[in-house]
Each structure stands twice: as C-alpha cells, then as structure tokens.
Amino acid sequence: MMIEQALDFTGRRVLVTGAANGFGRAIAQSFHARGAQLVLADIEAEPLATLADELGAQACVFDQTDPRSIERLSEQAGSVDVLINNAGALVAKPLLETTEADIRLMLDTDLVGVLLLMQHFGRKMVAQRHGVIVSIGSQTAFCAGENRAVYAAAKAAVTQLTKAAAVEWGPHGVRVVCLAPGRSLTRMTQQTAAPGYQGDRGLARVPLGRWGSAQEVANMTLFLASEAASYVTGETLIADGGYVLG
Ligand SMILES: NC(=O)c1ccc[n+]([C@@H]2O[C@H](COP(=O)([O-])OP(=O)(O)OC[C@H]3O[C@@H](n4cnc5c(N)ncnc54)[C@H](O)[C@@H]3O)[C@@H](O)[C@H]2O)c1
C-alpha cells in the first residue's frame with residue numbers, strides 16, 4: 001500500500017482518551033482530518049463537548065482512575081479500530097515530597113487506567129481480529145530526570161506492557177505500540193516547558209535545541225496507528241529531539 005493511502009482513516013473508528021486538551025486534542029484533530037470517525041473521552045466535560053461538536057464526534061466523559069468508569073466507557077464506545085491511550089497525569093515533585101495521594105493518582109491514571117483500557121479494547125480487537133493500540137508513554141521512561149520518579153516508573157511500565165500485549169495479541173491481528181514524546185508545551189508542562197525555565201537540566205539536553213509540539217506528537221501517533229506502520233508492534237518510538245541520548 002502506498003504511503004498516502006496508508007495514512008487514510010476513512011471509515012475507521014478511533015477512540016482518543018484525554019482528548020479535551022493538549023496532545024489528545026491535536027491527535028483528535030489530525031485523525032479527523034484523515035477521515036476517522038471519532039470517539040473522544042475525557043474527565044473534563046465542557047471542553048470535550050466543544051471539541052466533539054466541532055469534529056462531529058461521540059463524546060464520553062470518564063475518569064481513568066475509576067475502573068467502573070472505564071467499563072462504562074468501553075460499553076459506550078463499543079468496538080473501535082484504534083485506541084489512543086493518551087490521558088495522563090503528572091504531579092511534578094521531588095521524590096521525597098511526593099505524597100501517597102500523588103503516587104496513587106499517577107499510578108491509577110498512568111498505569112492501571114492505561115492497562116484496563118488496553119484490556120477492555122484489546123479483548124474486543126482480538127475478537128474482531130484487527131486493531132491497533134497506541135499508548136502515549138514518555139521520554140522519562142528511558143532516562144532519569146528531576147521531579148518525575150513515579151510518573152517515569154508508570155510510563156516505563158507502559159513500555160513493557162506494550163511489548164507483552166504485542167506478543168499475546170499479535171497472532172490475533174492486533175498491533176500494540178507506544179509513543180514516548182519528549183517535553184512539549186501543554187497544560188501539563190506549562191511551567192517546565194515555558195521559555196526560560198531553570199528548574200531542571202531541560203533544553204540543554206536536547207540536541208535539536210527545542211521542545212516538541214503537540215502537532216509533532218499527533219503526526220507520530222497517526223503514523224503508528226496507520227497501515228504505514230503495519231509491520232511495527234511492541235515498539236516504543238521515542239520522539240524527543242534526542243533528549244534521551246544524554
Ligand atoms: N506534555 C508533555 O511534555 C508530555 C511529554 C511526554 C508524555 N506526555 C503524556 O502525553 C499525554 C497527554 O498529556 P498532555 O501534555 O496533553 O497533558 P494535558 O494535561 O494537556 O492533557 C491531559 C488530558 O488528560 C485528561 N485527564 C487527566 N486525568 C484524567 C482522568 N482521570 N480521566 C480522564 N481524563 C483525564 C485531562 O483532562 C486532559 O484533557 C499524557 O499521557 C502525558 O503523560 C506529555
């Protein structure tokens with residue numbers, strides 16, 4: 001299949017979590033531009049409804065830290081061809097200041113919720129004998145940095161889960177991949193990606209000399225979910241301007 005055709009999502013049902021803001025929003029807009037039929041999910045009802053109206057999408061309000069809410073999302077969304085497991089939470093603090101509530105929030109959102117979504121939609125994809133799951137991991141899974149210990153541990157676990165699910169579901173026609181972006185300016189990083197931020201080793205570590213953009217994340221997500229990546233599974237693609245190189 002030629003690349004242009006491979007990047008076409010006409011008639012494909014795509015679920016994007018965390019779609020109301022940041023990367024999720026750019027991902028939803030990019031899939032829409034390629035003809036996808038979207039199901040958008042987020043905990044924030046208002047911006048979610050506005051975007052869903054704009055894109056002619058189904059909107060599902062859900063809480064990724066609540067297994068029952070994920071179950072309801074699975075029922076509402078039905079079967080999909082693509083799951084973009086994007087919603088996430090970061091409490092950026094030094095490890096010694098990270099509270100038990102912070103730890104639980106990050107593990108519940110960034111690991112347990114991501115895993116439950118993989119299971120719910122993976123089960124349906126295995127039954128229909130096709131599907132792609134793209135989870136949004138992080139560069140922090142690959143190198144230690146300040147104020148990210150628990151978040152990084154959860155994201156590293158997603159990289160490993162991606163490999164395991166790919167091995168189990170590959171024979172059933174399901175690809176499971178992960179995208180590990182570098183830092184980009186979103187609400188999550190409104191301080192740490194702001195110009196002039198000095199709180200960590202930051203931009204000095206990025207060979208390309210700039211942070212990424214939500215559109216770059218959306219482009220790589222689209223590629224991984226598409227037929228252009230039809231022989232890629234279990235892989236985590238690091239898109240970080242070279243940050244993890246040291
Ligand atoms: N921004 C970065 O630099 C960066 C870098 C690497 C990875 N990531 C990852 O990219 C993903 C998107 O992050 P972003 O930067 O767009 O952040 P963001 O804060 O702009 O967006 C996150 C979205 O997830 C939703 N969300 C949060 N908790 C939720 C919950 N419990 N249930 C349902 N929805 C929930 C939020 O409402 C929001 O719409 C996350 O998984 C994040 O960890 C971000």
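We count ligands from 1, going down the list as the structure has it; atoms in each ligand are counted the same way.
One distance of note links OG1 of T109 with CZ of R104; it measures 12.5 Å at 0.5 Å rounding. From T192, atom OG1 reaches atom CG of N147 across 9.0 Å, with rounding to the nearest 0.5 Å. Atom CD of E71 is separated from atom CG of L116 by 9.5 Å, given to the nearest 0.5 angstrom. In this structure, CG in L15 is found 7.5 Å from CG in L117, a value given to the nearest 0.5 Å. For the atom pair CD1 of I27 and CD of Q215, the computed distance is 9.5 Å after rounding to the nearest 0.5 Å. We find the CG-CD1 distance between L224 and I133 to be 13.0 Å, quoted to the nearest 0.5 Å.
Looking from atom 17 (O) of ligand 1 to the surrounding protein, the closest heavy atom is M188 CB, 3.5 Å. The protein heavy-atom contact nearest to atom 11 (C) of ligand 1 is N86 O, 3.0 Å. Counting protein heavy atoms only, atom 39 (O) of ligand 1 is closest to D42 OD2, 2.6 Å. Annotation: atom 14 (P) of ligand 1 to nearest protein heavy atom, T186 OG1, 3.6 Å. At the top of the distance list for atom 31 (N) of ligand 1, counting protein heavy atoms only, stands D63 OD1, 3.0 Å. Atom 10 (O) of ligand 1 has F23 CD1, 3.2 Å as its closest protein atom, hydrogens excluded (heavy atom only). Atom 24 (O) of ligand 1 has its closest protein heavy atom at G18 CA, 3.5 Å. Nearest protein heavy-atom contact of atom 27 (C) of ligand 1 is G88 O, 3.5 Å.
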For this session: Decide side chain to side chain donor-acceptor pair (under 3.5 Å) for T99 and D102; before the verdict, give the C-alpha distance in whole Å, the side-chain angles of both, and the deciding distance to 0.1 Å.
Result: CA-CA 5 Å; T99 66; D102 299 332; 3.0 Å; yes
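Within the 4.0 Å heavy-atom criterion, both parts of A87, backbone and side chain, lie near ligand 1.
Ligand 1 does not have A193 within reach: every non-hydrogen atom of the residue lies 4.0 Å or more from it. Taking 4.0 Å as the cut-off, L90 does not count as a neighbour of ligand 1 on heavy-atom distance. Assignment of G182 to the shell around ligand 1 is supported, since a heavy atom sits closer than 4.0 Å.
When hydrophobic clusters are built by joining Ile, Leu, Val, Met, Phe, Trp and Tyr residues whose side-chain heavy atoms come closer than 4.5 Å, directly or via intermediates, V82 is grouped together with L55.
Within a 6.0 Å radius of CZ in R13, more than 12 heavy atoms belonging to other residues, nucleotides or ligands are found.
When the heavy-atom distances from atom 6 (C) of ligand 1 to P181, G212, A20 are ranked, the shortest goes to P181. Of the listed residues (G22, A239, A154), the one carrying the non-hydrogen atom nearest atom 20 (O) of ligand 1 is G22. Closest to atom 29 (C) of ligand 1 by heavy atom, among N21, L51, I43, L40, is I43.
In terms of polar-atom proximity, Q139 is not counted as a contact of ligand 1, lacking any N or O under 3.5 Å from an N or O of the ligand. Note: an N/O pair closer than 3.5 Å links Q64 and ligand 1 by distance alone. When only interatomic distances are considered, the shortest N/O to N/O separation between K155 and ligand 1 falls below 3.5 Å. By the 3.5 Å distance cut-off applied to N or O atoms, Y151 is counted among the residues near ligand 1. Note: an N/O pair closer than 3.5 Å links S184 and ligand 1 by distance alone.
Using a 4.5 Å heavy-atom cutoff, the side chains of I84 and V14 are in contact. Using a 4.5 Å heavy-atom cutoff, the side chains of T98 and M106 are in contact.
Using a 4.0 Å cut-off to heavy atoms of F62, the atoms of ligand 1 that qualify are 32 (N), 33 (C). Listed by number with element, the atoms of ligand 1 under 4.0 Å from a non-hydrogen atom of T189 are 1 (N), 2 (C), 3 (O). Remark: ligand 1 atoms within the under-4.0 Å shell around heavy atoms of E44 are 37 (O). Here is the list of ligand 1 atoms found below 4.0 Å of a heavy atom in G137: 6 (C), 7 (C).
Of all heavy-atom pairs between R187 and N21, the closest is NH2-ND2, 3.5 Å.
Using the six-membered ring where Trp is involved, Y243 and W211 have ring planes that are tilted, between 30° and 60° apart.
The main-chain N or O of A87 is found under 3.5 Å from a side-chain atom of Q64 such that the two form a donor-acceptor pair.
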